[in-house]
Amino acid sequence: MTQLQSLRGMVDLLPEQTCRWQAVESLARQHFQRWGCREIRTPLLEVTELFARGIGEATDVVGKEMYSFQDRGDRSCTLRPEGTASVVRAALQHGLLAQGAQRLWYGGPMFRYERPQAGRQRQFHQIGVEWLGVTSAASDAEVIALAWDLLADLGVDRLALEINTLGTPDDRQLYRSRLVSWLEQHENVLDADSQQRLRTNPLRILDSKNAQTRELLQDAPMLEQSLAADSRSRHQAVLQALDDLSIPYVVNPRLVRGLDYYGHTAFEITSDQLGAQATVCGGGRYNGLIQQLGGAPTPAIGWALGMERLLLVLEAAATANPSGRAASLVQADVPDVYVVNRGEQAHRQALILSRQLRSAGLAVQRDESDSAFGKQFKRADRSGAPVALVIGEEEADRGVVRLKALKSTLSEPGDDQQEDWSINDLGPLIAVLQNGANSERSETTQG
RNA sequence: GCGGGCGUCGCCAAGUGGUUAAGGCAGCGGCUUGUGGCGCCGCUAUUCGGGGGUUCGAAUCCCCUCGCUCGCCCCA
């Protein structure tokens, strides 16, 4: 293949996709703003140590998935594999936490060197929130509600919220030793991966997909039994708050997230339409991370939502319900006006007119060819524009433009409702076009 | 990192050793030199991801390679 192409796992987003992304992003922005979150943007590149210390040396993300390299100053740099560590670093670096709790959101590309598969790429995109200095159980439910409401507003359905508590480091320490000693007695039954993890990261054996291991785990000690009373009551309070907010959840005692910094609340929102990579949104509390990165002990909670996976479920929802909310968000951008022009004078006037209409805020597509009217109308139709403005030699001579409704819903072919408008005083024409454009838009966004 | 499937025009896709590589969509042109959504006609791959080999002859067989895809691991 001599043709140059993108790196494996790095995908281009073409215009058909980008307009969907924009729709999702702008809706997400609205929600973040409503929930009191402010945006933070951090570099894509950080010193490797940030992730090694923040995410945990023993995790897969750090152990085998980072894009790391030495820069020209021989410093080890890494393309960020997730957002939380960077956000915390930035907050510490700029003393944000001295000003009280920070409710932040971020978005952008993340990089993990993995084999691509459905819903997984090497460069992927997340939007996420990090609430730093926020401690109450109610706030756990509140950040989850933010994700839940955003997804609901996007029209995405068939989602499930799974939640668990990981307790305190002490709780986990206690549980780990109980679990390991129990598993060691059954080591011969464990699959090879789990035997490995018995030494490296035993808690993660809990969400093994190996059937035999899963069956064995039925009788294994549960984390819950190692929880201190405080951890237990905290978890109950989070669940109570979710009940108060009428957010449905499933407590999954085997939910153990792969990043070391999580403790207490951990949760995932999954879809049954994503294949093996079912998690759309994942997050939890990380009360130890800020201290670990050199700050004062500060409680915090956050989540990240995978944009590519979100788009997949959004598209599935749009297909399932073509008149629903998701479908309206997935719709392609369409010009408000298509300008059909033919003849030299007509082209000159159309060029000027198009620009004036654009200045008035209209999305105008002008046919730059000089081909037959029939051809131009065909393209006008395909563009999806609700109306065409026609300038030919006749109109050019008379200083007018002809307005014609397109689209089968508005006029039948040959049903020739056309009006001439002066191009010397565009006010009335612009008013008519803007009116039409607005009603078009509200139709599509209200679905 | 490990396993399965697959690579023919921008997209979908037939073809599985024999002269010029179906078809559909999209695109362009025409029927219609000023009016679209339908229809009809024409044009659009010397070439089958790339390289090498077998053969009189290969998109079709073999080897290598690159890429895509699904799954494992793990995560968004």
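In the text below, chain A, chain B and the rest are named by the order of the sequence lines, each starting its count at 1.
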Item to check | Residue whose nearest RNA chain B nucleotide is more 5′ - Arg8(A) or Glu308(A) | outcome: Arg8(A)
Next on the checklist: Taking the C1' atom in each of C62(B) and U44(B), what is the distance between them to the nearest angstrom?
Outcome noted: 35 Å
Next on the checklist: Against the six-membered ring of Phe373(A), is Lys378(A) placed for a cation-pi contact (under 6.0 Å from the centre, within 45° of the normal)?
Outcome noted: no
Checklist entry - For atom P, what is the distance between A45(B) and G23(B), given to the nearest Å? => result 12 Å
Checklist entry - Can Glu39(A) and Arg41(A) be counted as an ion pair, charged N to O under 4.0 angstrom? => result yes
Checklist outcome for this item: In numerical order, the residues of residues 277-292 of chain A whose heavy atoms come under 4.0 Å of RNA chain B are Gln277(A), Thr279(A), Val280(A), Cys281(A), Gly282(A)
Item to check | Verdict with supporting geometry, Ser226(A) and Asp171(A), side-chain hydrogen bond (donor to acceptor under 3.5 Å, both in side chains) | outcome: CA-CA 6 Å; Ser226(A) 301; Asp171(A) 296 339; over 6 Å; no
Next on the checklist: For a salt bridge (Lys or Arg N to Asp or Glu O under 4.0 Å) check, start with the C-alpha distance between Glu187(A) and Arg199(A), then their side-chain angles and the critical distance, and finish with the verdict.
Outcome noted: CA-CA 11 Å; Glu187(A) 190 167 348; Arg199(A) 256 131 237 127; 3.1 Å; yes
Checklist entry - Nearest-Å distance, OH (Tyr338(A)) to P (U35(B))? => result 17 Å
Checklist entry - What integer distance in Å separates Leu312(A):CG from U69(B):P? => result 12 Å
Next on the checklist: Within 45 degrees of the ring normal and closer than 6.0 Å to the centroid, is that where the cationic atom of Arg38(A) sits relative to Phe32(A)?
Outcome noted: no
Next on the checklist: Please give the distance between the C1' atoms of G10(B) and U55(B) as a whole number of Å.
Outcome noted: 35 Å
Next on the checklist: With a 6.0 Å cut-off on the ring centroids, do Trp182(A) and His186(A) count as close?
Outcome noted: yes
Item to check | Ala118(A) side-chain proximity, nearest of C70(B), U33(B), C72(B) | outcome: C70(B)
Next on the checklist: Using atom C1' in both nucleotides, what's the gap between C48(B) and C61(B) to the nearest angstrom?
Outcome noted: 16 Å
Checklist entry - Listed in order of residue number, which residues of residues 369-376 of chain A have a non-hydrogen atom at under 4.0 Å from RNA chain B? => result Phe373(A), Gly374(A), Lys375(A)
Checklist entry - Is Arg115(A) side chain donor-acceptor paired with the G3(B) base, going by distance under 3.5 Å alone? => result yes
Checklist entry - To the nearest Å, how far apart are Asp60(A) CG and C2(B) C1'? => result 14 Å
Item to check | N or O in side chain of Gln117(A) less than 4.0 angstrom from G71(B) OP1/OP2 | outcome: yes
Checklist entry - Between Ser369(A) and Arg379(A), is a side-chain hydrogen bond (donor to acceptor under 3.5 Å, both in side chains) present by the stated rule, with each step listed? => result CA-CA 11 Å; Ser369(A) 81; Arg379(A) 286 186 211 111; 3.2 Å; yes
Next on the checklist: I'd like to know if the side chain of Ser371(A) pairs up with that of Arg342(A) as donor and acceptor (distance under 3.5 Å, no hydrogens or angles considered).
Outcome noted: no
Checklist entry - Taking the C1' atom of each, how far is G18(B) from A58(B), in whole Å? => result 10 Å
Next on the checklist: Using the side-chain heavy atoms of Arg382(A), tell me which of these nucleotides is nearest: A26(B), U35(B), G67(B).
Outcome noted: A26(B)
Item to check | Arg379(A) vs G29(B): side-chain N/O to OP1/OP2 distance below 4.0 Å | outcome: yes
Checklist entry - Looking at G34(B), does its base get a donor-acceptor pair with the side chain of Glu395(A) below 3.5 Å? => result yes
Checklist entry - Which sits closer to the 5' end of RNA chain B, Gln121(A) or Ser6(A), going by the nucleotide each is nearest to? => result Ser6(A)
Checklist entry - For C28(B), what is the paired nucleotide under Watson-Crick or G-U wobble rules, both distances under 3.5 Å? => result G42(B)
Checklist entry - Atom CZ of Arg342(A) to atom P of U33(B): distance rounded to whole Å? => result 9 Å
Item to check | Residue Tyr67(A) excluded, over 12 heavy atoms near OH under 6.0 Å | outcome: yes
Checklist entry - Can you list the residues that meet the side-chain contact (heavy atoms from CB on, under 4.5 Å) rule with Thr270(A), with sequence neighbours excluded? => result Ala160(A), Glu162(A), Glu268(A), Ala278(A), Thr279(A)
Checklist entry - Which value, in whole Å, describes the distance between the P atoms of nucleotides A22(B) and C56(B)? => result 27 Å
Checklist entry - Among A76(B), G36(B), G34(B), which nucleotide sits nearest the side chain of Glu114(A)? => result A76(B)
Checklist entry - Which one, G1(B), G34(B), A26(B), comes nearest to the side chain of Val390(A)? => result G34(B)
Checklist entry - Without hydrogens or angle criteria, can the side chains of Asn287(A) and Arg285(A) be said to hold a donor-acceptor pair below 3.5 Å? => result yes
